[in-house]
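Beneath this line is the structure, given in structure tokens, with notes to follow.
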Amino acid sequence: VIQAEGMGKQPPYPFFSIKNISPAIGVGLVTEYVENNTMTIEQDIEIILSITCNGEKIEDAENYSNKARGYFLGKGTIELSDANIAVVEVLGANNRDVFLTVDYERRVGFDVRLRVRGRESFDIDVIESIDATGTIEKIEIKEGI
């Protein structure tokens with residue numbers, strides 16, 4: 001598996017390429033809470049990955065792509081949920097062939113929507129007490145100012 005459109009060396013066929021089409025979309029409401037001088041802000045974040053099998057033969061690209069798609073529809077849903085990642089939707093596979101210099105690189109791929117809980121925590125200063133005694137000084141208002 002390699003990052004799509006990267007500058008690294010291409011592995012031998014067949015191989016998968018992954019592209020993050022949508023890095024982080026906030027979904028739902030933001031929640032905030034304070035506990036022990038720590039504020040935490042949470043929101044569900046959705047990402048969309050494009051997963052493509054690249055091969056010399058269309059049969060290889062189709063077979064491996066369908067196996068990968070099946071993973072996200074089945075066993076992957078369970079394994080990813082153990083890491084607090086939800087599989088929201090697995091879209092259908094489609095042909096993504098590319099014409100190279102003299103031949104085609106056979107590509108079949110699909111997109112998958114994943115959701116995770118984004119969490120940011122930071123220390124906050126808490127006012128423990130204030131001194132409300134003292135006097136209020138007279139404030140004078142001048143015309144023209």
Side-chain angles (χ1 to χ4, degrees), residues 1-134 136-137 139 141 144-145:
V1 177
I2 63 169
Q3 182 176 348
E5 301 171 7
M7 297 303 292
K9 185 178 177 191
Q10 178 178 304
Y13 292 116
F15 66 90
F16 280 94
S17 58
I18 295 179
K19 182 176 182 178
N20 191 351
I21 338 181
S22 172
I25 300 170
V27 178
L29 299 175
V30 175
T31 60
E32 299 177 4
Y33 57 91
V34 177
E35 186 176 302
N36 299 326
N37 297 348
T38 300
M39 173 167 260
T40 302
I41 300 171
E42 294 182 343
Q43 183 177 26
D44 288 343
I45 304 296
E46 189 168 291
I47 62 172
I48 301 172
L49 298 178
S50 177
I51 301 171
T52 302
C53 181
N54 304 262
E56 286 180 301
K57 298 187 291 188
I58 191 67
E59 297 84 8
D60 289 342
E62 287 174 349
N63 288 336
Y64 285 112
S65 182
N66 285 329
K67 285 181 183 181
R69 189 173 175 275
Y71 170 80
F72 285 102
L73 290 168
K75 186 178 180 182
T77 301
I78 296 166
E79 290 180 350
L80 291 171
S81 72
D82 291 343
N84 296 321
I85 300 170
V87 177
V88 177
E89 182 180 21
V90 181
L91 299 171
N94 53 32
N95 185 296
R96 300 176 178 181
D97 285 351
V98 171
F99 184 72
L100 301 174
T101 53
V102 293
D103 205 359
Y104 280 93
E105 179 178 70
R106 300 303 182 175
R107 295 180 181 181
V108 176
F110 61 95
D111 294 346
V112 60
R113 290 175 45 213
L114 303 174
R115 197 171 288 170
V116 297
R117 173 64 50 103
R119 179 177 294 122
E120 180 68 32
S121 297
F122 51 92
D123 292 334
I124 58 172
D125 293 327
V126 177
I127 300 172
E128 298 197 14
S129 65
I130 60 169
D131 181 7
T133 61
I136 297 176
E137 295 185 28
I139 300 174
I141 300 176
I145 298 180

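- For Asp60, there are no side-chain hydrogen bond (donor to acceptor under 3.5 Å, both in side chains) partners at least two apart in sequence or on another chain.
- Pairs passing the salt bridge (Lys or Arg N to Asp or Glu O under 4.0 Å) check and including a residue from residues 66-80, sequence neighbours excluded, read Lys75-Glu79.
- Pairs engaging residues 10-37 under the salt bridge (Lys or Arg N to Asp or Glu O under 4.0 Å) rule: Glu5-Lys19 [sequence neighbours left out].
- What you find for Pro23 and Ile47 is that their closest heavy atoms are O-CG2, 2.7 Å.
- Note that the CD1 atom of Ile45 and the CZ atom of Arg117 stand 9.5 Å from one another [nearest 0.5 Å].
- Between Thr52 and Arg96 the shortest heavy-atom distance is OG1-NH1, 2.8 Å.
- When all heavy atoms of Tyr64 and Cys53 are compared, the closest pair comes out as CB-SG, 3.5 Å.
- In this structure, CZ in Phe122 is found 4.0 Å from CD1 in Ile41, a value given to the nearest 0.5 Å.
- Separation of atoms CD1 (Ile58) and CG (Asn63) is listed at 10.0 Å; rounding is to 0.5 Å.
- Looking at residues two or more places apart in sequence or on another chain, you find a side-chain contact (heavy atoms from CB on, under 4.5 Å) between Thr38 and Thr40, Ser121, Asp123.
- Qualifying side-chain hydrogen bond (donor to acceptor under 3.5 Å, both in side chains) partners for Ser65, counting only residues two or more places apart in sequence or in other chains: none.
- Taking Leu91 as the reference, Glu89, Asp111 meet the side-chain contact (heavy atoms from CB on, under 4.5 Å) condition, with sequence neighbours excluded.
- Annotation: salt bridge (Lys or Arg N to Asp or Glu O under 4.0 Å) contacts involving residues 7-17, sequence neighbours excluded, are absent.
- Considering OG1 of Thr77 and CG of Asp82, their distance stands at 11.0 Å, rounded to 0.5 Å.
- Heavy atoms only, all atoms of each residue included: Val87 and Phe72 are closest at CG1-O, 3.7 Å.
- Listed by chain and number, the residues in a side-chain hydrogen bond (donor to acceptor under 3.5 Å, both in side chains) with Glu59 amount to none (sequence neighbours excluded).
- Annotation: side-chain contact (heavy atoms from CB on, under 4.5 Å) contacts of Glu46 (sequence neighbours excluded): Val27, Val88, Arg113, Arg115.
- Residues forming a salt bridge (Lys or Arg N to Asp or Glu O under 4.0 Å) with Lys57 (at least two apart in sequence, or on another chain): none.
- Leu29 meets the side-chain contact (heavy atoms from CB on, under 4.5 Å) test with no other residue; sequence neighbours excluded.
- Counting non-hydrogen atoms of other residues, nucleotides and ligands closer than 6.0 Å to CZ of Phe16 gives a total above 12.
- Scored by the salt bridge (Lys or Arg N to Asp or Glu O under 4.0 Å) test, Arg119 finds Glu42 as partners (sequence neighbours excluded).
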